[in-house]
Amino acid sequence: ENGSAAAIPIDPRFDIAYVTPVTIGTPPQTLYLDFDTGSSDLWVFSSHTPESQVRGQRIYSPEKSSTAKLLAGHTWSILYGDGSGSLGNVYTDNFTVGGVTVTSQAVQTAQQVSYSFTSQSEIHGLVGLGFSTLNTVFPNGQLTFFDNAKSTLDSPVFTADLKWKKEGTYDFGFIDETKYTGEITYLPVQTDPGYWTFTSSGYAVGDGAFHPASIVGIADTGTSLTYLPAEVVTSYWGQVDGAVDSDYYGGYVFPCSSKLPSFTFGVGPANITIPASYINYAQITEGSPVCFGGLQSSSWLGVNIWGDVALKAAFVVFNGANPPTIGWAKK
Ligand SMILES: Cc1c(C=O)c(-c2nnc3c4c(C[n+]5cc6c(C)n(C)c(C)c6c(Cl)n5)n(C)c(C)c4cnn23)c(C)n1C
């Protein structure tokens, strides 16, 4: 059974994150979750989350679901790249997104969430779409929704069609030809340690020359920006008057009035161009003449991350066949 679900920006002003409606349990409880190819835990705000840590989020109450079963003796604890985190217990229950149902999905209920989750009322939890090897449940790791659903899908794939300041879609089990132009270029995926890791073939700034390079990075729908090697981002921001890599603001900032070039990255023999508008990420604060860049340096991260700023410029196929591959197309 294939499916399709909306990827809704949580903030109309700039693309912080995207949430997707799901239902859990019997009778179905609807929550809006952040689908994240950069992690592999499915966790939700729940009736186990202290009230002091819940601020407007919808919660999953397993005690109100006739199909919920406690996974006794199992716990989880996860830390994300921005320092946020959560931990708790585990139930199995019916989980449906876009018409695709998994009847015994591990649903990780939060007993603790960090303040950045408490402060973001539109995100009621995450659905990890990375490889199940990254799942943090102890003592037995659990399978992701995609790994559980795969065998019921026409094809073991899901696609991401994220959009700039607009609602996009995640499709499960099929590739919608109307969502892209030209051909899809498939690249090999390195599944160790569990991210959708691929190698980009280089980059160009604006209409400048293409620089062949091997940039190993992860495709991460859960990360807002895009983090690339220092020589790449220095070459990009060097083309922008007044752009500086600011310790104070924690990254490249530039005068909001500056004209930005586009950024092109290679995918095999093809390429994807990120429009300049996507890289003008946001004003530092409402009304500020200082803007924060959507392309930042990965030098202190140890990994290159193709986050939403890059992903929303493409139609991306996450192919869970054996071996897995990742497909990129213009749109
Ligand atoms: C190595 C890494 C990341 C790896 O992933 C990363 C990052 N980038 N966006 C997100 C994340 C998001 C998306 N996200 C980004 C947000 C930003 C930029 N702002 C201002 C707010 C309020 C955000 C919210 Cl609520 N949510 N979420 C929901 C989670 C759990 C994230 C974890 N990390 N993360 C950063 C900032 N860094 C350095």
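Hydrogens, waters and symmetry mates play no part in the numbers below; they use all other heavy atoms, side chains included. Counting convention: from 1, in listed order, for ligands and their atoms alike.
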[X] neighbourhood, listing ligand 1 atoms whose heavy-atom distance to it stays under 4.0 Å:
X: Asp34; result: 28 (C)
X: Phe117; result: 30 (C)
X: Gln120; result: 22 (C), 25 (Cl)
X: Ser224; result: 8 (N), 9 (N), 13 (C), 14 (N), 15 (C), 16 (C), 18 (C)
X: Leu301; result: 1 (C), 38 (C)
X: Ile123; result: 28 (C)
X: Ser84; result: 30 (C)

(message) I'd like to know whether ligand 1 has Ser116 as a neighbour, heavy-atom separation below 4.0 Å.
(response)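 For ligand 1, residue contact (heavy atoms, under 4.0 Å) with Ser116 is absent.
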
Testing the 3.5 Å rule here: is there a donor-acceptor pair between the side chains of [X] and [Y]?
X: Asp36; Y: Tyr80; answer: no
X: Asp241; Y: Ser258; answer: no
X: Ser4; Y: Asp171; answer: yes
X: His74; Y: Asn140; answer: yes

(request) Please write down residue, atom name and distance for the protein heavy atom closest to atom 4 (C) of ligand 1. (result)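 Among all protein heavy atoms, the one nearest atom 4 (C) of ligand 1 is Thr223 OG1, 3.2 Å.
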
(request) Measure the distance from atom 35 (C) of ligand 1 to every protein heavy atom, then report the residue, atom name and distance (to 0.1 Å) of the closest one. (result)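 Going atom by atom, the protein heavy atom closest to atom 35 (C) of ligand 1 ends up being Tyr227 OH, 3.6 Å.
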
(request) Indicate yes or no for a side-chain donor-acceptor contact from Gln105 to the backbone of Val107 under 3.5 Å, with no hydrogens or angles considered. (result)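 Side chain of Gln105 to backbone of Val107, a donor-acceptor pair under 3.5 Å: no, none is there.
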
(message) Does this structure show an ion pair linking Asp15 with Lys312, if we count only N-O contacts that are shorter than 4.0 Å?
(response)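 Looking at Lys312 together with Asp15, the answer is yes, because their closest N to O distance falls below 4.0 Å.
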
(message) Is the terminal nitrogen or CZ of Lys330 (NZ for Lys, CZ for Arg) located under 6.0 angstrom from the six-membered ring centre of Phe315 and within 45° of that ring's axis?
(response)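 No, Lys330 does not lie over the aromatic ring of Phe315.
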
(message) If you scan the protein for heavy atoms around atom 31 (C) of ligand 1, do you find one that is closer than 4.0 Å?
(response)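 Flag for atom 31 (C) of ligand 1 set to true, protein heavy atom closer than 4.0 Å.
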
(request) Could you tell me whether Asp36 approaches ligand 1 through its side chain, its backbone, both or neither, with non-hydrogen atoms closer than 4.0 Å? (result)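 Contact part for Asp36 vs ligand 1: neither.
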
(request) Report the C-alpha separation of Asn135 and Ser40 in whole Å, then their side-chain angles, then the decisive distance to 0.1 Å, and conclude whether the side chain to side chain donor-acceptor pair (under 3.5 Å) test is met. (result) CA-CA 5 Å; Asn135 181 265; Ser40 304; over 6 Å; no

(message) Tell me whether Trp300 has any N or O atom under 3.5 angstrom from an N or O of ligand 1.
(response)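 No, since none of the N or O atoms of Trp300 sits under 3.5 Å from an N or O of ligand 1.
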
(request) Check the pair Ser200, Val267 against side chain to side chain contact (heavy atoms under 4.5 Å, CB included), reporting the backbone distance first and the verdict last. (result) CA-CA 5 Å; Ser200 164; Val267 284; 5.6 Å; no

(message) Please identify which of these residues, Trp306, Trp328, Phe318, meets the ring-ring contact (aromatic ring centres under 6.0 Å, His included) condition with Trp196.
(response)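 Testing Trp196 for a ring-ring contact (aromatic ring centres under 6.0 Å, His included) against Trp306, Trp328, Phe318 leaves exactly one candidate, Phe318.
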
(message) Please compare Ile16, Asp15, Asp82, Ile218 and report which has the shortest non-hydrogen distance to atom 7 (C) of ligand 1.
(response)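 Among Ile16, Asp15, Asp82, Ile218, the closest heavy atom to atom 7 (C) of ligand 1 comes from Asp82.
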
(request) Out of Gly81, Ser121, Gly222, indicate the one that has the non-hydrogen atom closest to atom 1 (C) of ligand 1. (result)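 Of the listed residues, Gly81 has the closest heavy atom.
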
